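Just so we're on the same page: letters track the sequence lines, and every chain starts at 1. None of the values given here were measured: they were computed from a predicted structure.
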Amino acid sequence: MPSPRYWLMKSEPDECSIDDLARAPGQQVPWTGVRNYQARNFMRDAMRIGDGVLFYHSSCPEPGIAGIAEVASTAYPDATQFDPGSPYHDPKSSPEAPRWVHVDVKLVRKTRLLPLKEMRATPALATMQVLRPGNRLSITPVTPEEWRAVLSLLESA
DNA sequence: GCCAACGTTGGC
DNA sequence: GCCAACGTTGGC
């Protein structure tokens with residue numbers, strides 16, 4: 001089974017919106033703060049440079065896909081875990097044995113907002129993991145079929 | 001603010 | 001290894 005080539009990554013726009021990504025140096029940000037093992041393992045074990053990313057706004061007035069990005073680095077230790085002043089500090093982690101790693105994510109292009117509501121109303125997207133009831137995983141694999149369906153929706157008005 | 005879903009923790 | 005308690009996520 002080959003690694004997935006496409007992903008959906010959730011970001012709270014209060015923390016990092018698609019516009020924040022567009023303004024970042026090199027239009028690229030380190031995807032810090034992931035503190036879930038499954039999401040970490042996706043970044044550490046499965047992501048490859050160039051993988052496609054659906055940039056999703058969560059926990060906000062208009063949740064949905066806000067742009068296209070790509071994986072821009074392999075995984076490396078998350079500096080925030082060692083910072084006692086950070087909300088992402090993990091006292092059980094150490095630089096010798098870092099627990100949390102992340103990749104860098106780079107903007108490809110901002111798109112129109114594809115609202116969660118529209119995603120739910122689209123039969124071709126019904127299989128998407130992010131639409132499963134109770135899904136909380138911040139990084140989920142996307143199939144090539146789902147990726148194509150999202151892109152064609154984004155191109156429509 | 002509510003609450004369902006679900007991951008993590010820790011006692012046993 | 002079980003499982004209850006607890007914390008977090010995230011849409012509404």
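A/V103 and A/F42 fall within a single hydrophobic cluster, where Ile, Leu, Val, Met, Phe, Trp and Tyr side chains are chained together by heavy-atom contacts under 4.5 Å. Residues A/L151 and A/L116 share a hydrophobic cluster, clusters being chains of Ile/Leu/Val/Met/Phe/Trp/Tyr side chains in contact below 4.5 Å.
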(request) Carefully, step by step, assess A/Y76 and A/D104 under the rule side-chain hydrogen bond (donor to acceptor under 3.5 Å, both in side chains). (result) CA-CA 9 Å; A/Y76 61 97; A/D104 291 343; 2.5 Å; yes

(request) For side chain to side chain contact (heavy atoms under 4.5 Å, CB included), just list the numbers for A/H57 and A/D14, CA-CA rounded to whole Å, side-chain angles, deciding distance to a tenth of an Å, and then say yes or no. (result) CA-CA 9 Å; A/H57 283 173; A/D14 285 351; over 6 Å; no

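Heavy-atom distances under 4.0 Å link DNA chain B to no residue of residues 81-94 of chain A.
A centroid separation of 6.0 Å or more is found between the aromatic rings of A/W100 and A/F82.
Using a 4.0 Å cut-off between a side-chain N of Lys or Arg and a carboxylate O of Asp or Glu, A/R40 and A/D78 do not qualify as a salt bridge. We find that A/E118 and A/R112 are joined by a salt bridge, their nearest charged nitrogen and carboxylate oxygen being less than 4.0 Å apart. A salt bridge links A/D90 to A/R99: at least one charged side-chain nitrogen sits closer than 4.0 Å to a carboxylate oxygen. Ion pairing between a basic and an acidic side chain is recognised when a charged N comes within 4.0 Å of a carboxylate O; A/D19 and A/K110 show such pairing.
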(request) Spell out protein contact along nucleotides 2-11 of chain C as letters: B when the base is contacted, S when just the sugar-phosphate is, - when no protein heavy atom is under 4.0 Å; keep the 5' to 3' order. (result) -----BBBBS

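Counting only Watson-Crick and G-U wobble pairs whose two key distances fall under 3.5 Å, DNA chain C forms stems of three or more stacked pairs at B:1-12 with C:1-12.
Within the 3.5 Å criterion, the main-chain N or O of A/L153 finds a donor-acceptor partner in the side chain of A/S156.
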